[in-house]
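Here the structure is laid out as structure tokens; the discussion comes afterwards.
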Amino acid sequence: QVLLVESGGGLVQAGGSLRLSCVASGRTFSRYGMGWFRQAPGKEREFVAAIRSSSSITYYADSVKGRFIISRDLAKNTVYLQMNSLKPEDTAVYFCAATENYYSNLRSPSYDYWGQGTQVTVSS
């Protein structure tokens, strides 16, 4: 069992930045593929970014490419999402997720574990 706890959400003006953090419990953090998803009111949960386990290959949704950066700190069992040049359409609850399946399609929400989410609100 893996417990994921997100933090770092908040209210920011358009053009601003936020950094989300997701701390994972457990000793095998390096084996997990990690992803960030978001869900706006009335919309389906959508993929934002992901990082594969051992290779650290990263993936991004087209809507955030060039603005968001996903990274991980193995010593802190933490994955980050640096969000720059934020837009009102980035407003959503952001979820962290983890999968033990190395070959999993990290763009798909088929993860093994999910955090509780953190609210990000971007004002215009």
Side-chain angles (χ1 to χ4, degrees):
Q1 187 70 17
V2 175
L3 179 63
L4 303 173
V5 180
E6 303 101 330
S7 62
L11 173 64
V12 65
Q13 288 188 333
S17 297
L18 282 175
R19 188 178 77 159
L20 305 183
S21 300
C22 173
V23 180
S25 64
R27 303 178 183 177
T28 58
F29 176 68
S30 62
R31 298 182 185 178
Y32 294 117
M34 303 295 296
W36 286 97
F37 288 75
R38 66 187 181 187
Q39 188 166 18
K43 295 187 177 181
E44 293 186 354
R45 190 170 298 190
E46 66 173 357
F47 168 75
V48 176
I51 185 166
R52 202 161 287 283
S53 54
S54 60
S55 63
S56 292
I57 294 173
T58 56
Y59 307 86
Y60 296 95
D62 288 343
S63 59
V64 307
K65 198 174 296 182
R67 299 188 298 123
F68 291 11
I69 300 172
I70 186 171
S71 61
R72 66 197 299 165
D73 185 330
L74 296 179
K76 296 182 178 179
N77 275 18
T78 301
V79 63
Y80 302 99
L81 185 67
Q82 177 67 44
M83 305 186 296
N84 302 319
S85 301
L86 283 162
K87 304 175 181 180
E89 51 263 44
D90 294 318
T91 295
V93 177
Y94 283 70
F95 297 89
C96 172
T99 178
E100 298 175 287
N101 183 356
Y102 179 81
Y103 298 102
S104 179
N105 176 4
L106 296 182
R107 295 178 181 271
S108 167
S110 55
Y111 284 68
D112 301 307
Y113 308 102
W114 291 85
Q116 81 289 349
T118 185
Q119 177 69 47
V120 171
T121 303
V122 184
S123 63
S124 56

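Since this is a predicted model, take the numbers as computed values, not measurements.
Take Lys43 and apply the salt bridge (Lys or Arg N to Asp or Glu O under 4.0 Å) test, not counting sequence neighbours, and it matches no residue. Under the salt bridge (Lys or Arg N to Asp or Glu O under 4.0 Å) criterion, Arg67 pairs with Asp90, sequence neighbours left out. In this structure Ser30 satisfies the side-chain hydrogen bond (donor to acceptor under 3.5 Å, both in side chains) test with no other residue, sequence neighbours excluded. Every side chain to side chain contact (heavy atoms under 4.5 Å, CB included) that Thr78 has, sequence neighbours left out, goes to Ser21, Val23, Lys76, Tyr80. Under the side-chain hydrogen bond (donor to acceptor under 3.5 Å, both in side chains) criterion, Ser17 pairs with Asn84, sequence neighbours left out.
Among the candidates Val122, Val120, Ile69, the single residue satisfying the side chain to side chain contact (heavy atoms under 4.5 Å, CB included) test with Met83 is Val120.
With Glu6 contributing its side chain and Cys96 its backbone, the two residues share a donor-acceptor pair below 3.5 Å.
Within the structure, ring pair (Phe, Tyr, Trp, His ring centres under 6.0 Å) contacts touching residues 105-124 (residues at least two apart or in different chains) are Phe37-Tyr111, Phe37-Trp114, Tyr111-Trp114.
No cation-pi contact links Arg31 to Tyr102, judged by a cut-off of 6.0 Å to the six-membered ring centre and 45° from its axis.
Atom CD of Gln39 is separated from atom CD of Glu46 by 9.5 Å, given to the nearest 0.5 angstrom. In this structure, Arg72 CZ and Ser53 OG are separated by 6.5 Å, a value rounded to the nearest 0.5 Å.
Inter-residue side-chain proximity for Tyr32 and Asp112 is flagged as unmet; no heavy-atom pair is nearer than 4.5 Å. Annotation: side chain of Phe95 is not in contact with side chain of Arg38 (no heavy-atom distance under 4.5 Å).
Transitive grouping of hydrophobic side chains (ILVMFWY, heavy atoms separated by less than 4.5 Å) brings Leu4 and Leu74 into a common cluster.
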